[in-house]
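Hydrogens, waters and symmetry mates play no part in the numbers below; they use all other heavy atoms, side chains included.
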Amino acid sequence: MKTLLRNGTVVSAKGERRADVLLEGEQIAAVGESLSAGDAQVVDCAGKLLFPGFIDGHTHFDLEVCGTITADDFASGSRAALRGGTTMVVDFAAPDKGQSLAAGLRRWREKAEGKTACDYGFHMTIDDWNEDISKELAEMMEQGISSFKMYMTYPAMMIPEGDLYRALLRLKALNGVAGVHCENDGVIRVLTAEAKAAGRLAPWSHPRTRPAPLEAEAVGHLLRLAQLADVPVIIVHLSSRESLEEVRAARRRGQTVYVETCPHYLLLEDGVYDNPDFMEAAKFVCAPPLRKREDREALWEALRGGEIDTVATDHCSFTAAQKRAGRYDFTRIPGGLPGVEHRGVLLYTYGVAAGRITAADMCRVLSENPAKLYGCWPRKGVIAPGSDGDIVVYDPAANSVISAADQAQHTDYTPYESWETAGSIAQVYLRGRLAVNRGEVQDVQGQFIPREKNQL
């Protein structure tokens, strides 16, 4: 099967150029001007941008949170991802406390295999530490799991800082990389207990019990441990200017620090939590919480300046009914936002079209850098001969409006309801095959992608 995408503008992290792209089988066969069609199906892409398939390095499908399970499993979540131009997700295999890493990986592969429409991989969560787990890290690397996740909050997930340091040393020996959720758990628990004792149980207590300084303190704490271990780390879902300053200080010391942020931290603000309508406030509960305008602007500036490496979604979706479990206690609201479907159009609309970043910047943080950081470059993340035929055809002229009534995500709301977009995604190709056409997701099957070591 051959497809020739003709007359489009190919986007890379270095810039844009007019070129044709020939897809043959599952790969890109050629990129250049005036390519011969032969027996290929020709698709006119004049006026459209051709991005490498987007990679979302932070999703949570089929995950239990607060006694409930995310609204999106791998079937619905991956279809929503494809609809939004994401051709590969990296989700989190999370063993229970006391369980082996192998058991956790096996359970997550069972959740995903045969159900996932886009390609996928897994990070491995480290929520316990002992000699067996230390040995298992090498086995995970051999099975294509080259990135790991640790938490500095949530008692069910976090490990003592001494063990976190030991895990960093072990990952250094293996050339693995860890992403870390950074918040000061001890002080969060004190502030939460105070709020509950005072009867402050509404959603507006959520951001006040997880303020920005507690994220920044944890980021700085982690980076000092990483400095001592002499190992790179990823700060996942960084949300605040103060945390960004901690990263800048570490980089000035010569440390390698990778930074991920999310669309909701670039676009939304903490005033939403003060809405007296419970649901209108509760649907924005996530951790870290949304921050202030100055934090948003600082993140955009860092994104434009290349200080932020990836933009992922932290997609963790719940319905309104699930969120209402915390109607009388904000700590029982399952935390997380749906976002895997709208990341691409949001970043183009409020980044590229708004003049905050370039299309090349968008390609860097959605495609190229995630592919390199998570060890699947150049198979993914670039439009080049030999790479997988993962292409997002973006039509800047086809404006649209985001609506929960028209989404593949299994939630009955979107944080971006009625937001207008500058253009929309026309087609998505997954390994050379048409996967999405004008919003209609085709019958496609994703593959597990074994990943190698960090190349960023």
N-O pairing of D329 and R332 below 4.0 Å: no
Which distance, rounded to the nearest 0.5 Å, do you find between the CZ of R343 and the CE of M362? 8.5 Å
Listed by chain and number, what are the salt bridge (Lys or Arg N to Asp or Glu O under 4.0 Å) partners of R451, not counting sequence neighbours? none
As a test of understanding, state which of V428, L430, T87, L5 forms a side chain to side chain contact (heavy atoms under 4.5 Å, CB included) with I391. L5
Atom CD of E142 and atom CG of L174: how far apart are they, to the nearest 0.5 Å? 9.5 Å
Classify the side-chain pair S243/E215 by whether it contains a donor and acceptor separated by less than 3.5 Å. yes
Does a side chain donor of either Q447 or D119 reach within less than 3.5 Å of an acceptor in the other side chain? no
Taking the six-membered ring for Trp and the single ring otherwise, decide whether the centroids of Y350 and W419 are under 6.0 Å apart. yes
Where is the tightest heavy-atom contact between H58 and A312, given as atom of each residue plus distance? CB-CB, 3.6 Å
Would you say the side-chain atoms of H60 and D91 include a donor-acceptor pair closer than 3.5 Å? no
Can K292 and E269 be counted as an ion pair, charged N to O under 4.0 angstrom? no
For D295 and S240, does a side-chain donor sit closer than 3.5 Å to a side-chain acceptor? no
Could you check V231 against L169 for side chain to side chain contact (heavy atoms under 4.5 Å, CB included), going step by step and ending with a plain yes or no? CA-CA 7 Å; V231 63; L169 289 175; over 6 Å; no
Tell me, do M152 and L164 make a side-chain contact under 4.5 Å, heavy atoms counted? yes
In chain order, what residues pass the side-chain hydrogen bond (donor to acceptor under 3.5 Å, both in side chains) check against S12, with sequence neighbours excluded? none
Less than 4.5 Å apart, side chain to side chain, heavy atoms only: is that true for Y273 and L290? yes
In Å and rounded to the nearest 0.5 Å, what is the OH to CG distance from Y265 to L299? 10.0 Å
Closest non-hydrogen atom pair between I28 and A384, with its separation: CB-O, 3.4 Å
What I'd like to find out is whether the side chain of P155 reaches to under 4.5 Å of the side chain of D185, using heavy atoms alone. yes
Got P415 and F284 here, is their nearest side-chain heavy-atom distance under 4.5 Å? yes
Do the ring centers of Y394 and Y348 come within less than 6.0 Å of each other? yes
So how far is it from E64 CD to D96 CG, rounded to the nearest 0.5 Å? 8.5 Å
Side chains of Y258 and N454: donor-acceptor distance under 3.5 Å anywhere? yes
Where do T68 and Q322 land on the side chain to side chain donor-acceptor pair (under 3.5 Å) test, with the steps shown first? CA-CA 7 Å; T68 189; Q322 289 174 298; 2.8 Å; yes
Assess, by modelled atom type and distance only, whether the side chains of H237 and E260 contain a donor and an acceptor separated by less than 3.5 Å. no
Taking the side chain as every heavy atom from C-beta outward, state whether V21 and V10 have any pair of such atoms under 4.5 Å apart. yes
Distance-only polar pair, side chains of T125 and D127, donor-acceptor under 3.5 Å: no
Cationic N near anionic O, under 4.0 Å, E139 to K135: no
Rounded to the nearest 0.5 angstrom, the CD1-OG distance for I402 and S424 is 10.5 Å
Does the side chain of H221 come under 3.5 Å of the side chain of E246 through a donor N or O and an acceptor N or O? no
Nearest 0.5 Å, please: how far is CD in E368 from NZ in K14? 8.0 Å
For A422 versus A353, what's the shortest heavy-atom pair and its separation? CB-CB, 3.7 Å
Closest heavy-atom pair and its distance - M158, Y151: CB-O, 3.2 Å
For the residue pair K149 and F92, would you count it as a cation-pi contact if the rule is NZ or CZ under 6.0 angstrom from the ring centre and within 45 degrees of the ring axis? yes
Just wondering, are more than 12 heavy atoms of other shown residues or ligands nearer than 6.0 Å to CZ in R304? yes
Salt-bridged, R210 to E183, with N to O below 4.0 Å? yes
Could I get the full list of side-chain contact (heavy atoms from CB on, under 4.5 Å) partners for R208, not counting sequence neighbours? W204, D274
Quick check on the 6.0 Å ring-centre criterion: do Y374 and H123 meet it? yes
Close side-chain approach of T414 to Q407, heavy-atom, < 4.5 Å: yes
Looking at D309 and R251, is there a salt bridge between them, counting it only when a charged N and a carboxylate O are closer than 4.0 Å? yes
Residues in salt bridge (Lys or Arg N to Asp or Glu O under 4.0 Å) with D72, at least two apart? none
Taking side-chain hydrogen bond (donor to acceptor under 3.5 Å, both in side chains) as the test, write out the residues that go with E301, two or more places apart. none
When every non-hydrogen atom of T411 is compared with those of A71, the smallest separation belongs to CG2-CB, 4.2 Å
Quick one: does any side-chain atom of S367 pair with a main-chain N or O of P52 as donor and acceptor, under 3.5 Å? yes
Quick one: do Y120 and I449 satisfy side chain to side chain contact (heavy atoms under 4.5 Å, CB included)? Show the steps, please. CA-CA 6 Å; Y120 62 96; I449 305 296; over 6 Å; no
Does the E136 side chain pair with the main chain of L101, one donor and one acceptor, at a distance under 3.5 Å? yes
Do D361 and T358 get their side chains close enough for a donor-acceptor pair, meaning under 3.5 Å? yes
Just by distance, do the side chain of W377 and the backbone of Q455 share a donor-acceptor pair under 3.5 Å? no
Below 4.0 angstrom, N of the basic side chain to O of the carboxylate: do E113 and R109 qualify? yes
Within a reach of under 6.0 Å around CD of Q99, are more than 12 heavy atoms found that belong to other residues, nucleotides or ligands? yes
Looking at every heavy atom in both S205 and A195, which two are closest together, and how far apart are they? OG-CB, 4.2 Å
Within 6.0 Å of NZ in K97, more than 12 heavy atoms from elsewhere: yes
pair V190-T209: side-chain heavy atoms closer than 4.5 Å: no
Would H315 and F61 count as a close aromatic pair, with their ring centres under 6.0 Å? yes
Show your working on side chain to side chain contact (heavy atoms under 4.5 Å, CB included) between V219 and V247 and close with a plain yes or no. CA-CA 8 Å; V219 169; V247 171; 4.2 Å; yes
So L50 and V11, do their side chains get closer than 4.5 Å, heavy atoms only? no
Carboxylate-amine/guanidinium proximity below 4.0 Å for R291 and D270: no
Of all residues at least two apart in sequence or in a different chain, which pass the salt bridge (Lys or Arg N to Asp or Glu O under 4.0 Å) check with D62? K111
